[in-house]
Student: 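The following block contains the structure, expressed as structure tokens.
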There are 2 protein chains.
Amino acid sequence: MSDSENVSSYNNILSGVVKLTKMLPDGRQQIVGLQFAPDFLGRPFRASSQTTAEATTDVKLCSFPRSIVDKMIRETPELEHKLHEQALAELDEAREWMLTLGRKTAAEKVANFLYMIATHVEPGAGEDEELTFDLPLTRADIADFLGLTIETVSRQLTKLRKDGVIQIVNNRHITVPDIERLAWRAQVD
Amino acid sequence: MSDSENVSSYNNILSGVVKLTKMLPDGRQQIVGLQFAPDFLGRPFRASSQTTAEATTDVKLCSFPRSIVDKMIRETPELEHKLHEQALAELDEAREWMLTLGRKTAAEKVANFLYMIATHVEPGAGEDEELTFDLPLTRADIADFLGLTIETVSRQLTKLRKDGVIQIVNNRHITVPDIERLAWRAQVD
DNA sequence: CGGGTGCTTGAGTTTGCTCAACGGGCGTGG
DNA sequence: CCACGCCCGTTGAGCAAACTCAAGCACCCG
């Protein structure tokens, strides 16, 4: 499924990446969350206030009707606990991105984004080994994620490439020789 | 208590406002959440990743030791449910602010902030009555909340005043004759 | 071959930042 | 009591980072 929708059911992401976006009346758009496998997708107890979920890559979902899951949550505390944990994790991520959105420069934002994808795709971030991965987002999506324009994203990527921090194989395919240099540019921790 | 701390216990906010901030190594700072009475304050299950809680006004807290609350959560599902609900509410707020931080102009950000405070302080936002309230944050805090500088916040506030959208009595004390005009400037919904 | 999409690059503009000066309120100490 | 320093906020002038607009390239698909 590659469709956009206002999430009205619960879904387990089996593979792929889903973006959560918010939009202003005049079309300005912001991605407010990225969900990877094996996250849950869907808002318990409430309609998700003006947020849209859309796949950015091919996605495999396992979908459950809302009513059933709501009932299950009420009956099994462990399930609620698990969802609670995920909500807290998403909250932490959201707040981390608020720092990025509010206080980092375009260069830092782009480096941050690459760093996040790199560490997410390859969780065992080997100390000094070379990392390689595909971007799950187009330039337009990256811009919407970072609160920038497409052009600025493109320029910053070129700058990182010229500085030797990354290699760009295929527009989508990125190689990071030294993750620490990227982390430095991203101002992480 | 007017102190800054890394929250290591649970607190119930009885009155006042608490800000949650994140900071970069070089001192850049971002407020990632505001908590009003009667919110819970404190991160279940995990140390709050590099987030600091600090009162912005006089605050009355009711504090519980971590161990006891963790035990209570495990025993009473309703308590976990309540905390889960608040986490989801905070997540919605955080994402709403991501849209503001990433995609709105300085003017819209400031209007948005005032609108948020106004509706938060006076939840029964009377249709066409005049609204008046005290800002719980200094200009510096507002800037850190909106990802702007003090100067820009100040300039936007004077602009709103000159345009008759708000009146500024006391630097802290604000009057809003028509909340709808403010909402318009804030690009809300 | 033509059109569409996604990305890059350049030139000029604008928004918000930096730096600096200034003013009011307030507490402290002479 | 006034003088002083400090904090908080405002305002102005100049600058820089990111945006806008425009052109052009590569690739894919009909």
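Excluded from the calculations below are hydrogen atoms, water molecules and symmetry mates; all remaining heavy atoms, backbone and side chain alike, are included. Quick note on labels: first sequence line is chain A, next is B, and so on, each numbered from 1.
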Student: Treating primed atoms plus P, OP1 and OP2 as sugar-phosphate and everything else as base, which nucleotides of nucleotides 8-20 of chain C get B, S or - for protein heavy atoms under 4.0 Å?
Tutor: BBBB----SSBB-
Student: Hey, could you give me the OG1/NE2 distance between B:Thr132 and B:His173, rounded to the nearest 0.5 Å?
Tutor: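 One finds 3.0 Å between OG1 of B:Thr132 and NE2 of B:His173.
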Student: After noting the C-alpha distance and the side-chain angles of B:Phe133 and B:His120, does the key distance pass the ring pair (Phe, Tyr, Trp, His ring centres under 6.0 Å) rule?
Tutor: CA-CA 10 Å; B:Phe133 54 90; B:His120 226 291; over 10 Å; no
Student: If I take atom CG in residue B:Asn170 and atom P in nucleotide D:dC8, what distance separates them, rounded to the nearest angstrom?
Tutor: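 Nearest whole value for this atom pair: 15 Å.
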Student: Is there a donor-acceptor contact under 3.5 Å from the side chain of B:Arg139 to the main chain of B:Ile150?
Tutor: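 Judged by distance alone, no pair lies under 3.5 Å.
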Student: Just by modelled atom types, is the A:Pro136 backbone N or O under 3.5 Å from a matching donor or acceptor in the A:Asp134 side chain?
Tutor: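 No; judged by distance alone, with no hydrogens or angles, the pair does not exist.
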Student: Once you round to the nearest 0.5 Å, how far does CD of B:Glu93 lie from CG of B:Leu88?
Tutor: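 Nearest 0.5 Å value for the CD-CG distance: 11.5 Å.
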Student: Figure out the CG/P separation between B:Leu135 and D:dT10, and round it to whole Å.
Tutor: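 Roughly 10 Å, once rounded to whole Å.
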Student: Just how far, in rounded Å, is C1' of D:dG9 from CD1 of B:Ile142?
Tutor: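 After rounding, the gap between these two atoms is 11 Å.
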Student: To the nearest angstrom, how far is B:Asp141 atom CG from D:dC7 atom P?
Tutor: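 Taking CG of B:Asp141 and P of D:dC7, I get 15 Å after rounding.
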Student: Roughly, in whole Å, what's the span from CG in B:Asp134 to C1' in D:dG9?
Tutor: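 After rounding, the gap between these two atoms is 16 Å.
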Student: So among B:Leu137, B:Leu146, B:Ile142, which one has a side-chain contact (heavy atoms from CB on, under 4.5 Å) with B:Ile31?
Tutor: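 Between B:Ile31 and the candidates, side-chain contact (heavy atoms from CB on, under 4.5 Å) is satisfied uniquely by B:Leu137.
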